[in-house]
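Throughout, a chain's letter reflects where its sequence line sits, starting with A, and its residues are numbered from 1.
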There are 2 protein chains.
Amino acid sequence: MNPTIKDVAKHANVSIATVSRIVNGLPGYSEETKKKVQQSIEALGYQPNAIARGLINKRTQTIGVLFPDVSGMLSSEVLEGVENAAHDGGFSVIVCNTTSSGKRTVKYLRLLQEKRVDGIIFASEDVKEEYYKIFQEMKVPVVLVSTASSKYDLPFVRVNDFDGAFQATEYLIRKGHKVIGMIGGSDEDPIAGVPRMQGFQKALESNGLSFTNNHITKNEGYRFQNGKESLPLLLKKLPDMTALFAASDEMAIGAMSAAHQLGIRVPEELSIIGYDNLKIAEMCYPPLTTVSQPLKDMGQTSGEMLVSLIKGEQQEAKSRYMPFTIVERQSVSDFRDK
Amino acid sequence: MNPTIKDVAKHANVSIATVSRIVNGLPGYSEETKKKVQQSIEALGYQPNAIARGLINKRTQTIGVLFPDVSGMLSSEVLEGVENAAHDGGFSVIVCNTTSSGKRTVKYLRLLQEKRVDGIIFASEDVKEEYYKIFQEMKVPVVLVSTASSKYDLPFVRVNDFDGAFQATEYLIRKGHKVIGMIGGSDEDPIAGVPRMQGFQKALESNGLSFTNNHITKNEGYRFQNGKESLPLLLKKLPDMTALFAASDEMAIGAMSAAHQLGIRVPEELSIIGYDNLKIAEMCYPPLTTVSQPLKDMGQTSGEMLVSLIKGEQQEAKSRYMPFTIVERQSVSDFRDK
DNA sequence: GCGTTTTACGTAAACGTTTACGTAAATCCC
DNA sequence: GGGATTTACGTAAACGTTTACGTAAAACGC
């Protein structure tokens with residue numbers, strides 16, 4: 001089995017306290033003793049036991065990250081950023097796939113509490129009261145990413161969804177489009193659903209364009225299939241539509257697929273703008289113009305924020321709205337001549 | 001802070017051994033004592049400390065998973081399967097993003113060794129000697145996924161890449177194509193590079209079609225951009241090419257993008273078949289026909305295999321070749337009339 | 001040389017849990 | 001009723017590490 005600190009101490013003929021001091025770079029030993037101990041460590045192949053250290057220090061150097069869909073394209077980029085920041089800060093990442101289930105989320109939080117993780121990153125979902133209660137019990141820092149909570153004072157890292165939608169819609173308006181539809185999310189989703197629809201509506205109204213219920217179709221999810229099914233519905237409600245804003249890249253690409261099937265040329269007959277700037281945005285045909293959420297940076301920033309809170313480098317984190325841009329590709333046509 | 005087992009024992013007026021027995025469902029207490037202890041647990045909000053338990057049991061209920069690219073589309077689906085299996089088996093997953101760097105991989109393995117993880121899943125990369133040395137030191141089970149090792153006897157879960165490529169190429173041949181090219185990976189990649197190229201070559205030769213160096217372009221990576229850059233090169237070498245097999249879905253979609261730009265109609269003028277069946281295969285235009293690696297199932301299977309090894313339910317794991325299928329979509333035309 | 005300060009150790013206790021083993025009481029069976 | 005077995009505890013030690021504190025020796029300064 002693995003040699004312990006006792007084996008090293010015996011081999012080097014010193015006490016375990018001396019070995020510990022040397023291993024951890026604390027003062028209190030001679031150069032001669034240090035060399036002797038290091039030789040013993042190498043000879044025995046000693047690897048310190050982080051479990052024992054965690055028990056004493058009451059810190060495990062581990063954080064938990066909860067995603068509603070760990071293999072989703074959004075999640076995987078955020079995860080990369082989080083993992084980079086955590087690793088650089090000396091922390092390991094336990095990943096939890098909650099599948100948007102409240103029960104499973106509570107189970108994971110309890111598990112993370114038992115494992116005494118030093119902090120939590122909670123991604124892309126609304127914070128329920130019972131989650132917040134567990135956060136409180138755990139007495140560790142929590143950072144939200146790609147989400148926020150109106151009810152609980154938890155630091156977050158996100159993009160301003162209202163502004164992003166507003167500017168995406170204004171972009172279409174500036175390109176000369178006057179009949180613009182939206183493939184939206186859910187009325188009950190306070191994170192990605194409601195603000196993006198509100199931003200869309202506000203942009204229309206601010207530019208003197210009409211907004212009615214016919215301008216939006218709503219969905220429970222944000223997937224390719226949702227977008228594909230929504231386009232025919234939207235066209236029925238808004239037959240003169242020349243452009244649309246989709247509340248996610250996947251839905252935009254789904255709409256694109258449906259347009260191909262309906263023989264509608266994109267962008268010549270229908271312009272489409274998405275939201276996220278996932279990797280696939282450049283891979284579809286035509287390449288998608290979209291609102292760019294800097295997902296990996298958001299993961300990185302939230303990871304750094306959490307590490308900083310754990311280390312006590314700051315007592316309170318300042319929530320961050322990350323900048324977004326409109327990445328122009330080829331899915332939006334210039335309608336100003338028409 | 002968190003109440004300990006000592007607090008519960010004091011509150012319930014029993015010993016800590018009794019609390020432990022009750023919490024862990026071991027025999028040796030009366031129903032009356034059990035009720036009393038459970039009330040104390042609830043009143044104090046006791047959560048067992050998994051760190052202390054891990055130190056005693058020499059088992060952390062945690063596994064480490066190493067990916068060369070954690071946000072890659074391949075990785076994220078495998079990760080979901082692994083995480084599901086691990087969670088169901090009572091294990092947490094520490095995710096490590098090695099970025100294909102040998103140095104970083106060693107660093108992660110050492111970290112996982114210190115954290116005393118119960119097992120390792122190693123994905124999508126060749127096993128180097130120094131990794132294998134660390135596996136040996138750690139004395140925990142290791143399972144490979146989406147990779148294998150010719151040099152070390154480690155159980156793996158993968159698809160037979162030779163067969164997959166062979167059948168993809170035969171599929172094109174059965175569709176009447178006679179001049180078939182390949183966008184391949186690297187000669188130095190014994191996992192995804194060489195076998196897929198060999199399968200392609202064998203299929204051509206077995207069907208009496210010519211194979212020369214002009215039939216393959218090679219790449220260092222398997223990304224969209226690699227595919228996009230490869231198509232013009234391949235067309236230069238093989239101007240009469242009517243179909244191509246790409247060694248990954250991303251490269252297939254990259255080739256598709258290049259075809260659109262060159263005004264080549266897919267599949268009418270050029271048929272394309274990919275490899276992986278990533279989510280994006282159905283999202284591109286036209287939807288991609290591809291060899292389907294069951295990525296999530298592979299993750300699930302490798303996770304189950306590792307859990308079983310850790311629990312001692314089996315002493316040796318039997319390596320698994322997972323079945324693949326050809327998922328027909330719309331990127332391959334029937335060339336038998338022409 | 002002597003008193004003070006610093007250095008280089010080692011000892012003992014702690015962290016929160018699990019469990020082997022001993023003991024007393026209760027139960028069972030002849 | 002008595003001996004054997006089972007049940008229901010509690011005690012003590014262990015797991016591998018960190019560190020406060022005490023002590024002896026060395027170094028420093030007058």
Nucleotide-resolved protein contact map, nucleotides 4-14 of chain C, B/S/- at heavy-atom distance under 4.0 Å: ----SBBB--B

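- Here M73(A) contributes atom CE and E77(A) contributes atom CD; the two are 10.0 Å apart, rounded to the nearest 0.5 Å.
- Distance N2(B) CG to dC15(C) P: 14 Å, rounded to the nearest Å.
- Phosphate proximity of dT18(D) to N24(A): present, with a side-chain N or O under 4.0 Å from OP1 or OP2.
- A donor-acceptor contact closer than 3.5 angstrom is absent between the side chains of K128(A) and T105(A).
- Across the protein-nucleic acid pair, K10(A) atom NZ and dG16(D) atom P stand 14 Å apart, rounded to whole Å.
- Nucleic acid contact for P27(B): none, since no nucleic acid atom lies under 4.0 Å from a heavy atom of the residue.
- Straight-line distance from the CD1 atom of I22(B) to the C1' atom of dT18(C): 14 Å, rounded to whole Å.
- Residue K58(B) places none of its side-chain N or O atoms closer than 4.0 Å to OP1 or OP2 of dT18(C).
- The CD1-P distance, from I5(A) to dG16(D), rounds to 11 Å in whole Å.
- When rounded to the nearest whole Å, the span between CG of L55(B) and P of dC15(D) equals 9 Å.
- The neighbour count for R59(B) CZ, taken as heavy atoms of other residues, nucleotides or ligands under 6.0 Å away, is above 12.
- Using a 4.5 Å heavy-atom cutoff, the side chains of E125(B) and I191(B) are not in contact.
- The distance between atom CG of N57(A) and atom C1' of dG16(C), rounded to the nearest whole Å, is 14 Å.
- Of the candidate nucleotides dG16(D), dT18(C), dT19(D), dG16(D) has the atom nearest to the side chain of T4(A).
- Along DNA chain D, the nucleotide nearest to A52(B) and the one nearest to V19(A) differ in position, and the one closer to the 5' end is contacted by A52(B).
- Rounded to whole Å, the distance from NZ on K115(A) to P on dG16(C) is 18 Å.
- Ring pair F122(B)/F135(B) is perpendicular by interplanar angle, where above 60° counts as perpendicular and below 30° as parallel.
- Ion pairing between a basic and an acidic side chain is recognised when a charged N comes within 4.0 Å of a carboxylate O; E130(B) and K103(B) show no such pairing.
- E304(A) and Q300(A) form a side-chain donor-acceptor contact under 3.5 Å, judged by distance and modelled atom types alone.
- The interatomic distance linking R116(B) (CZ) with dC15(D) (P) rounds to 14 Å, in whole Å.
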